[in-house]
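Residue numbers begin at 1 in each chain, while the letters A, B, ... track the order of the sequences. Quick note: numbers below take in every heavy atom, side chains included, and nothing from hydrogens, waters or symmetry partners.
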Number of protein chains: 2
Amino acid sequence: MSASQQDNRPWNGWGDKDKSLALSADGIAYIKRQVGTAPPLANATLEQALASVPESKLAPNPLYSLDRELRLRHARGQSLPDWLAMKSGRFEVFPDAVAFPRSSEEIRQLMTAAKQQGWQLIPYGGGTSVVGHITPCASDKPIVTVSLSKINRLLDLDRVDQIATFGAGVNGPFLEAQLQAHGYTLGHFPQSFELSTLGGWVVTRSSGQQSLKYGRIENLFAGGQIETFNGSVDIPTLPASSAGPDWRQLVLGSEGHLGILTEAKVKISRLPEEEFFGVAFMPNWQQGIDCAREIIQQRLPLSMLRVSNTVETTTQLFLSASESQRQWLSRLLKLRGVGDDKCMLVYGITGDKRANRAHYRQLKRLLRQFGGVNTGQHLGKKWAQKRFTFPYLRETLWQMGYAIDTLETATNWSNVAPLTEKIESSLRSGLEPFGSKAHVFTHLSHLYGDGASIYTTYLFPVADSYDETYRRWQRLKQSTSRLIVDNNATISHQHGVGADHAPYLPREKGEHVITSLRHCFDYFDPEQQLNPGKLFKALDNTPPSSTSEANTHQSSSPDASVQQELQLTESSQ
Amino acid sequence: MSASQQDNRPWNGWGDKDKSLALSADGIAYIKRQVGTAPPLANATLEQALASVPESKLAPNPLYSLDRELRLRHARGQSLPDWLAMKSGRFEVFPDAVAFPRSSEEIRQLMTAAKQQGWQLIPYGGGTSVVGHITPCASDKPIVTVSLSKINRLLDLDRVDQIATFGAGVNGPFLEAQLQAHGYTLGHFPQSFELSTLGGWVVTRSSGQQSLKYGRIENLFAGGQIETFNGSVDIPTLPASSAGPDWRQLVLGSEGHLGILTEAKVKISRLPEEEFFGVAFMPNWQQGIDCAREIIQQRLPLSMLRVSNTVETTTQLFLSASESQRQWLSRLLKLRGVGDDKCMLVYGITGDKRANRAHYRQLKRLLRQFGGVNTGQHLGKKWAQKRFTFPYLRETLWQMGYAIDTLETATNWSNVAPLTEKIESSLRSGLEPFGSKAHVFTHLSHLYGDGASIYTTYLFPVADSYDETYRRWQRLKQSTSRLIVDNNATISHQHGVGADHAPYLPREKGEHVITSLRHCFDYFDPEQQLNPGKLFKALDNTPPSSTSEANTHQSSSPDASVQQELQLTESSQ
């Protein structure tokens, strides 16, 4: 496979070259009012970037390709540091080769060679990681990125057991197309759905927009086959077991350290008779949170529920509605007691028609009880049409001189409002030392009986250089990540650890827990050849990177001082 | 604490001394017709058993008690080998001391001393293990059994997060009493509910009768505190996380190997507005299975569903209904097309009244669709009243000369009927070489989208000695356990591994998976002082026990030849 055979993805951005998300003049004006403007940074051309790809450390071999463009196209994910690297053309580290195995057998051959030759292997799904999962770390050893894109077929569909077996490289649309042709769905719809893959979902513990009905990938992953340096391991599809710890739970979140997942068996559902989405507006953020909590704790079986805070609601309306629409909506809501603090609540109802009607009635009662106004399905349809388009906004904003990123976590209900306030405040004030500011807004995207995830978006004008823009991002990311793990919340609810979150993991899990997990993984990968520098980075025995090095945008890891500070906090507890 | 302060438990059996389960003359006659009769074996007296308790290896210490009766009362669980040991008075191995710590601090003191002095520690919850979890293995090292019975209070109840914190030694009734006083329930009701404890449920991955609504203990365990040889480890109550593998999942099923769970935080639910149980009869076993699968795969939110096969249904009716009741039921069912192959289906509906009505309507439609006849709530009430009394049947039968035991597993739907047939056939024919037979019946007790648990009961006349009775049981247990793991099923769906299931674990999980888990546990317990010989027994470096030793009833582990055979099967795959 050569680069020209690649799909329609841009080499330095998200999604499909032919798709984009336009912003209205109103939306642009709104953003300018919040954070001002800045001249956009110049983008490198593909030719400029390709010129920086060094010679591979590897000799030609039928096991992989040395094609420069392929190496470039598999060098970065979709984190903001990745984005800055791609746009500036300063990728710095590249894989030495990219492999496109077509079967478990070919992966075994590759792993045998890797073990013998000491290659590092980076499993690559859709390249959608926003935390540096697939970004190679500088190494003396050759690095082979292993794309699973050729292992993407529906291999078996068991209607009795409701289990489907897929090649783990299958992406969201192809997975659903293959299942829906038979009347089934997996129901896993993360925002990255268009590009991300089943194998990637499993090893990073992904969560889809309708996890309220279908569950997180932890609940959908039934078993499969993983190729390790100790050979193939079959993971049986036992519906439940008390036979010691469930090893599936170690594959989930292993981020490549156990081996390469080649086949994934997943629990599927029949296609629902009916599905619809709707939008309601709550009087304010606290009532939105309280209403969502009540809905969940009463176990009302919706398929989706998310609550935006006031700033996100306002921002969404500026970006997607005209002035007359906004005024009409505002008048309507005010008549019914919902004013300028309004918070948008998006719900999904999925199932058979009769049950849906009953659940919808119950939902409307609860919305009224918390002062909410249901606007029905019109806005819900619009939401559903655009559910996977948000990532395209980054390109639109970039061309206007803005950088945009998100942070997400989960915590118990009683901590949701206070922690949201802390996160937003940290992001809003974080650029003050640079004389700049960020526009920050939040929604709760996944809800549980005991808590919720918090999904915060922040956008800010680029600085006058890539380096300086990276430094500003780093400042926001580091201080807010630190704040999250210091406040009884997880460093990631749905994006994983990768390189970017690794320094915060010991604070979350504790050193002993991390070390014990590492013992388990090292049994399968004693030389740490599998995706090194991810997940457990902070515990590596390699010396911490120097401050000067880390302060350039080439490194996506927090600087050494932060790392040391975190470790001090940890050990002084 | 001395033995006289113990609760009302018999020293050599199940439950409460003042409770028993009588059998009707009809029920007794039915059993006799199935398997014949045998003279009961003579029971040892407590005095005889106490006389066999050896001197403790330990010197007196305020950390524990050396009381002989306490050591005897904490030496065995409730497996059939345990039962034979207790009834014969031949316990063989006793703990050297029993500790009753009152706090995490006292557990830390105990663990510090254990580490320094090389004691082995066996965490003890309700002593209800049916697979040898708490039975000490012969050792040169002193063994201290650590009862959690004094650590059993509700420590915190968070109504916003719906999380309750308990001392891990709390048993089922006391846990529910403390929660229900505040309007909440955990909803975890295993058959051992009266005696088993929260900590025990967690470390053995227990499942309750209403797991269909409330989930298995894996779904209810939010976090807590575990005391390890590396200090206290706090397990945070994150509602969900993608920050690497979930360490809670290693605590679940750890069977004491990580440390002693002292506090458990659990996800609670509001008490339901209404709950009822009902009974329907399906025309035959296959239609019972198919109907149950359809109910589950349509996601009808019942709180419980179990399906008994024809023999279990017949047996239940003989044991619990009079002849006139049976005839009346039989006539009624025949009129509606359900004949002698009838299978009982017990369902539970739990929630608010309006939703319950809707779900009940949907259930009745599905029952009709599969030819079932709903008899409503009368028999359901009887079931609910007796839901925890089944274990008392063992004593009643024992006094009549019968031994009774159960085997349970879980597998995918397409394997449920074939595997049930294999298990029953193995148990039914297993005593032929001894000129005896077993009465065998089955129900599906826990249902999932992708499969179900299979719960098989077998009873047989005792032989003319304890040794020979044990040998017969061992024959049934070994051959059927082997059959289970050779047929894509788990060695345990809800009872755990302990000593009795340990030899089958490598076949189920694979040697590499076992070893990797062991690496993780050994980090916390490098000298394997915590509950040695359980969970991972088959991988111990100690030489396998000799056949002659294993063939006496003192050992509850399969004999060495079976162990070797299993390992051969494993390595030849």
Side-chain angles (χ1 to χ4, degrees), chain A residues 158 160-163 204-207 216 222 230 233 236-247 249-250 252-255 267 297 301 358 410 412-414 446 448-453 488 490-497 501 505 508-510 512-513 515-517 519-520 523-524 535, chain B residues 158 160-163 204-207 216 222 230 233 236-247 249-250 252-255 267 297 301 358 410 412-414 446 448-453 488 490-497 501 505 508-510 512-513 515-517 519-520 523-524 535:
Chain A
D158 188 320
V160 175
D161 298 341
Q162 290 197 173
I163 290 178
T204 63
R205 292 187 163 251
S206 161
S207 191
R216 292 168 61 86
N230 292 330
V233 176
T237 58
L238 298 167
S241 170
S242 65
D246 184 357
W247 200 70
Q249 294 284 345
L250 282 169
L252 288 154
S254 58
E255 302 196 351
K267 301 177 199 175
Q297 292 186 342
N412 293 125
W413 279 114
S414 49
H446 299 77
Y448 306 88
D450 52 346
S453 68
N488 302 312
T490 176
I491 192 60
S492 177
H493 166 268
Q494 66 204 63
H495 290 157
V497 178
H501 289 158
L505 202 64
E508 177 172 336
K509 288 194 188 292
H512 288 307
V513 169
T515 308
S516 71
L517 289 172
H519 277 281
C520 184
Y523 171 73
F524 286 96
L535 189 59
Chain B
D158 189 319
V160 175
D161 299 342
Q162 290 198 170
I163 290 178
T204 64
R205 292 187 163 250
S206 162
S207 191
R216 292 167 61 86
N230 291 331
V233 176
T237 58
L238 298 167
S241 170
S242 65
D246 184 358
W247 200 70
Q249 294 283 348
L250 283 168
L252 288 154
S254 57
E255 302 197 351
K267 302 177 198 174
Q297 292 186 342
N412 293 125
W413 279 113
S414 49
H446 299 77
Y448 306 88
D450 53 346
S453 68
N488 302 313
T490 176
I491 191 60
S492 178
H493 166 269
Q494 66 204 63
H495 290 156
V497 178
H501 289 158
L505 203 64
E508 176 172 336
K509 289 193 189 288
H512 288 307
V513 168
T515 309
S516 71
L517 290 173
H519 276 282
C520 183
Y523 171 73
F524 285 96
L535 188 59

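- Residues passing the side chain to side chain donor-acceptor pair (under 3.5 Å) test with B:W413: none are found, sequence neighbours excluded.
- A distance of 8.0 Å separates CG of A:N488 from CG of B:L238, quoted to the nearest 0.5 Å.
- With a 4.5 Å cut-off on side-chain heavy atoms, A:L517 and A:L250 count as touching.
- Judged by distance alone, with hydrogens and angles left aside, the side-chain atoms of B:H512 form no donor-acceptor pair with the main-chain N or O of A:V233 at under 3.5 Å.
- Contacts with chain B were tallied for A:P301, A:A410, A:S241; A:S241 has the most, counting heavy-atom pairs under 4.5 Å.
- With respect to chain A, the highest number of heavy-atom pairs below 4.5 Å among B:S254, B:A243, B:S453 belongs to B:A243.
- The main-chain N or O of A:A240 is never found under 3.5 Å from a side-chain atom of B:Q494 such that the two would form a donor-acceptor pair.
- Taking chain A as the reference chain and counting heavy-atom pairs below 4.5 Å, the highest number among B:G451, B:S206, B:G244, B:A222 is found for B:G244.
- Comparing B:D158, B:I491, B:T237 by heavy-atom pairs within less than 4.5 Å of chain A, the highest count is held by B:T237.
- Only the backbone of A:T204 comes within less than 4.5 Å of a heavy atom of chain B; no side-chain atom from C-beta onward does.
- Interface remark: of the candidates B:D161, B:I163, B:V513, B:D161 forms the most heavy-atom pairs closer than 4.5 Å to chain A.
- No side-chain heavy atom of B:Q249 sits less than 4.5 Å from a side-chain heavy atom of A:L252.
- Distance check: B:K509 NZ to B:T515 OG1 gives 12.5 Å after rounding to the nearest 0.5 Å.
- The candidate with the highest count of non-hydrogen atom pairs below 4.5 Å against chain A, out of B:E255, B:H446, B:R216, B:H495, is B:R216.
- Contact tally against chain B (heavy-atom pairs below 4.5 Å) for A:Y448, A:W247, A:F524: the top residue is A:W247.
- When the candidates B:S492, B:G253, B:P245 are compared by the number of heavy-atom contacts under 4.5 Å with chain A, B:P245 comes out ahead.
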